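Scroll down for the structure; my scribbles are underneath it.
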2 protein chains.
Amino acid sequence: MAKKKQITIDDVAARAGVSTATVSRVLNGMNHKASLDTRTRIRSAVEELEYRPVRVGRALSMMQSPTVALLTPDTTNAFYASIADAIQTGTRRIGKAMILCNTREQAILQDAYIEEMRSHLVAGIALLGAVPSPGLERALADDMPIVFINRKSPYRADRPFVGIDNYAAGGDVAKHFMDRGYYPISVVRGPWDSSASRERFEGFRDALAASGHPIDPARVYDSDLSMESGYIQAEQLLSGPAPARAVFCANDPVAYGIYRRCGERGLSVPDDVALFGFDDNPLNEWLAPWLSTVSVPSVEIGTRVAKLFAGSGMASAREHPEQCIVPYQMVIRTSA
Amino acid sequence: MAKKKQITIDDVAARAGVSTATVSRVLNGMNHKASLDTRTRIRSAVEELEYRPVRVGRALSMMQSPTVALLTPDTTNAFYASIADAIQTGTRRIGKAMILCNTREQAILQDAYIEEMRSHLVAGIALLGAVPSPGLERALADDMPIVFINRKSPYRADRPFVGIDNYAAGGDVAKHFMDRGYYPISVVRGPWDSSASRERFEGFRDALAASGHPIDPARVYDSDLSMESGYIQAEQLLSGPAPARAVFCANDPVAYGIYRRCGERGLSVPDDVALFGFDDNPLNEWLAPWLSTVSVPSVEIGTRVAKLFAGSGMASAREHPEQCIVPYQMVIRTSA
DNA sequence: CTGAAAGCGCTTACAG
DNA sequence: CTGAAAGCGCTTACAG
């Protein structure tokens with residue numbers, strides 16, 4: 001893209017009086033194979049010429065580009081954005097750039113991006129909020145280096161994964177509700193496709209059942225994880241003869257939506273209804289400092305994901321798929 | 001990155017019984033140069049082999065990768081994220097992927113990314129919230145295809161730009177304040193480096209002065225565009241013998257911060273203090289539906305930016321730098 | 001309308 | 001420890 005003519009590895013080699021092969025080796029840190037003299041000559045040639053490798057040359061040669069793709073369901077969700085940011089920072093540290101793709105939870109888009117990223121020869125794909133799709137299944141069969149974030153792979157459960165133990169967290173929320181004696185209890189869960197949403201719900205449900213107070217199926221609502229859907233479901237949740245005393249929300253935005261409806265209805269949180277969120281969205285600090293939630297360590301997750309892509313394309317992770325379960329934290333504020 | 005052996009253009013050529021040159025031409029839409037028969041034979045070879053071009057090959061050959069870089073000051077700001085999303089959607093439409101880089105408003109990081117993106121041979125750089133830096137100046141001198149978003153180039157004012165007329169918008173806010181008869185008026189402006197922040201302030205200041213009520217310099221506060229800084233400045237703004245009756249905020253998050261402090265102080269918005277934001281952050285709809293603000297069309301901006309990168313790397317835009325000024329809208333809600 | 005061939009910038013067996 | 005050469009997948013003057 002520069003207008004100036006490119007300075008190539010050949011220019012460096014010429015200036016240093018060695019072959020391009022040697023320059024390449026030295027620049028790639030195979031120092032044990034070059035004499036000190038050679039190395040210093042090369043270093044200064046690089047300096048003087050201000051040589052910057054064209055990464056595409058290397059990419060073609062190695063059939064792998066120094067890039068990683070992040071597929072995310074919603075770029076404007078602050079929680080996802082925070083994970084994205086950590087991944088970008090982390091991949092940069094290992095010399096790779098991050099391509100951002102917005103799948104919008106759509107299987108079609110997800111497949112299109114997987115295919116495109118393959119043709120970009122990316123070193124790996126970080127799949128945040130995976131959705132079942134034929135292209136994903138195929139990519140997995142082809143052994144593409146994909147690491148799943150937050151939601152596990154819908155196809156091969158043993159694929160690399162970074163996230164929390166959602167089942168346990170759901171159970172913890174249930175216990176908290178029981179400790180407080182809230183009754184009746186409702187839940188607004190996320191999409192069933194999502195292992196994260198599903199496991200949260202299952203953990204919550206099982207813990208309630210285990211304590212002898214199984215949840216009433218009529219008190220289970222669905223959402224698409226948006227504020228809007230929380231707002232909409234709140235209408236049912238809060239009405240009828242036995243409105244919910246406490247609600248376990250699929251994520252924080254859902255809680256925001258319900259909270260808004262509470263305000264419109266003149267209901268007090270937590271006196272009339274208790275709300276429990278999930279993720280500890282970065283917005284909470286400023287916009288919902290009252291929200292009790294499960295804190296998911298987005299930065300740590302992003303950092304871990306990036307690390308998986310270090311070296312040449314997750315070859316190791318591919319052979320020894322890692323399930324990296326990071327700790328979550330119960331954050332009890334005033335809403336529950 | 002795939003495990004399967006690559007299917008190349010040569011395979012297609014062999015199968016179709018033509019040369020790779022011809023396949024390349026046809027696949028790149030130089031149809032007028034190929035007979036119908038040739039074209040159909042190639043199309044079906046592509047189908048049968050499920051050929052997907054390796055973009056890196058083309059990139060090296062053309063010394064330009066089908067990617068565009070977006071440098072943004074803050075990936076978690078929903079307003080920026082919304083622009084980023086529109087750019088990503090738009091670049092995809094023209095067959096390019098978007099690399100995301102977080103400059104955090106730091107000149108050093110901005111320079112590092114510019115350099116890295118150059119070595120990636122990106123087709124162009126979208127620079128959201130540019131900061132003055134030596135690397136940027138150099139890149140401009142080298143004629144790198146950079147388009148400035150929101151903030152104009154700190155070096156060559158004629159570089160491609162997409163954004164609103166901030167000066168006019170600042171003036172409109174001033175007029176609105178005068179219509180309402182607010183007095184005294186304070187302003188929390190953004191960084192001086194930023195043409196957007198500066199022009200907003202200047203337009204506001206000049207309009208007040210023109211009406212015979214120049215702003216008191218002691219009533220001008222600074223911020224870094226964050227909620228935190230709004231919250232902090234609010235302390236001064238709202239105290240003393242003559243607390244502000246109305247505040248023009250550098251952007252919406254600053255207004256959120258001030259609003260929070262108002263709540264803590266028991267001050268009512270707009271009865272005690274009127275607040276005017278900027279950008280119409282997507283969060284407003286759900287979290288600050290009361291905030292009067294200037295709506296900046298983030299989606300249109302992103303779409304326009306992407307269009308500038310169509311074809312081969314903005315060659316045209318480079319020669320005829322475009323200043324693309326999109327319309328803004330005054331959004332009067334209850335806060336002012 | 002089509003093909004043979006050189007070239008984009010880098011890496012890496014292979015031979016020394 | 002080092003170099004000559006082939007190769008990664010594509011594009012594009014050039015010649016026909």
Side-chain angles (χ1 to χ4, degrees), chain A residues 1-2 4-42 45-46 49 51-66 95 118-123 312-313, chain B residues 1-2 4-42 45-46 49 51-67 95 118-123 311-313:
Chain A
M1 78 179 269
K4 297 196 291 198
K5 84 214 157 310
Q6 265 302 304
I7 289 155
T8 75
I9 199 173
D10 296 281
D11 300 321
V12 176
R15 176 131 191 160
V18 297
S19 72
T20 65
T22 302
V23 175
S24 174
R25 287 191 200 101
V26 168
L27 261 32
N28 287 305
M30 292 152 161
N31 278 339
H32 50 97
K33 305 200 156 198
S35 72
L36 181 60
D37 179 51
T38 311
R39 267 181 287 159
T40 51
R41 285 220 310 288
I42 291 175
V46 166
L49 298 173
Y51 168 68
R52 298 280 174 274
V54 167
R55 291 159 182 272
V56 173
R58 167 172 241 255
L60 181 57
S61 176
M62 304 184 59
M63 287 300 276
Q64 183 187 105
S65 159
R118 189 204 285 262
S119 90
H120 270 283
L121 300 183
V122 297
S312 49
Chain B
M1 79 179 269
K4 297 197 290 199
K5 85 213 156 311
Q6 264 302 164
I7 290 155
T8 75
I9 199 175
D10 297 281
D11 300 322
V12 175
R15 176 131 193 161
V18 297
S19 73
T20 64
T22 301
V23 176
S24 175
R25 288 192 199 99
V26 168
L27 259 33
N28 287 305
M30 291 151 163
N31 278 339
H32 51 98
K33 307 200 154 198
S35 71
L36 181 61
D37 178 52
T38 311
R39 268 181 287 157
T40 51
R41 284 220 311 288
I42 291 176
V46 167
L49 298 173
Y51 168 69
R52 297 283 172 273
V54 167
R55 291 158 183 274
V56 173
R58 167 171 241 255
L60 181 58
S61 175
M62 304 183 60
M63 286 301 275
Q64 183 187 108
S65 158
T67 51
R118 189 205 285 263
S119 90
H120 271 283
L121 301 183
V122 297
S312 50

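The structure presented is a predicted model; accordingly, all values stated were derived computationally and were not measured.
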Q.
Holding to salt bridge (charged side-chain N to carboxylate O under 4.0 Å, His left out), I want the full list of residues that pass it with B/Arg58, two or more places apart in sequence or in another chain.
A.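 Salt bridge (charged side-chain N to carboxylate O under 4.0 Å, His left out) list for B/Arg58, sorted by chain: empty.
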Listed partners of [X] passing side chain to side chain contact (heavy atoms under 4.5 Å, CB included), at least two apart:
X	result
B/Ala21	B/Ser19, B/Arg25
B/Ala13	B/Thr20, B/Val23
A/Ser24	A/Ile9, A/Asn28

Rounding to an integer number of Å, can you tell me how far [X] [atom1] sits from [N] [atom2]?
X	N	atom1	atom2	value
A/Ile42	D/dT2	CD1	P	8 Å
A/Leu27	C/dT11	CG	P	8 Å
B/Leu121	D/dC10	CG	C1'	14 Å
B/Asp10	D/dG9	CG	P	8 Å
B/Arg52	D/dG9	CZ	P	16 Å
B/Met63	D/dC10	CE	P	18 Å
A/Ile9	D/dC8	CD1	C1'	15 Å
A/Leu60	C/dC10	CG	C1'	8 Å

NA contact type, A/Val56, heavy-atom cut-off 4.0 Å: base, sugar-phosphate, or nothing?
->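 Touches nothing.
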Start at the 5' end of DNA chain C and walk down; is the nucleotide closest to B/Thr38 or to B/Gly57 reached first?
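So the residue in question is B/Thr38.
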Practice item. Please measure how far the P atom in C/dT11 lies from the corresponding atom in C/dA15, and state the result in whole Å. Key: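 Rounded to whole Å, the distance is 22 Å.
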Between C/dA6 and C/dT2, how far apart are the two P atoms, rounded to whole Å?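 Nearest-Å result for C/dA6 against C/dT2 at atom P: 23 Å.
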Tell me, do B/Arg39 and B/Leu36 make a side-chain contact under 4.5 Å, heavy atoms counted?
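Answer yes - side chains close enough.
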Check: B/Val46 and B/Leu27 side chains under 4.5 Å, non-hydrogen atoms: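 Yes, their side chains come closer than 4.5 Å.
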Margin query: What stems show up for DNA chain D when you take Watson-Crick pairs (N1-N3 plus N6-O4 or O6-N4) and G-U wobbles (N1-O2, O6-N3), both under 3.5 Å, and require three or more consecutive pairs?
Written below: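 Stems (3+ consecutive pairs) listed as C:1-3 with D:14-16, C:5-12 with D:5-12, C:14-16 with D:1-3.
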Inset, instruction - Check A/Gln6, A/Arg55, A/Arg52 against B/Ser119 for a side-chain hydrogen bond (donor to acceptor under 3.5 Å, both in side chains) and give me the one that passes. - result: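 The single option meeting the side-chain hydrogen bond (donor to acceptor under 3.5 Å, both in side chains) with B/Ser119 is A/Arg55.
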Could you list, one pair per line, each protein nitrogen or oxygen that sits under 3.5 Å from a nitrogen or oxygen of nucleotides 12-16 of chain D, together with the distance?
{"unit_1": "D/dA13", "atom_1": "N6", "unit_2": "B/Arg25", "atom_2": "NH2", "d": "3.2"}

message: One thing to verify: whether A/Asp11 and A/Arg15 come together as a salt bridge, which I'm taking to mean a side-chain N less than 4.0 angstrom from a carboxylate O.
response: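 So A/Arg15 does not pair with A/Asp11 through a salt bridge.
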What is the minimum heavy-atom distance between B/Leu49 and B/Ile7, and which atoms define it?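 Looking at all heavy atoms of both residues, the shortest contact is O-CD1, 3.0 Å.
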To the side chain of B/Ser19, which of D/dG9, C/dA4, C/dG9 is closest?
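Selected nucleotide (nearest to the side chain): C/dA4.
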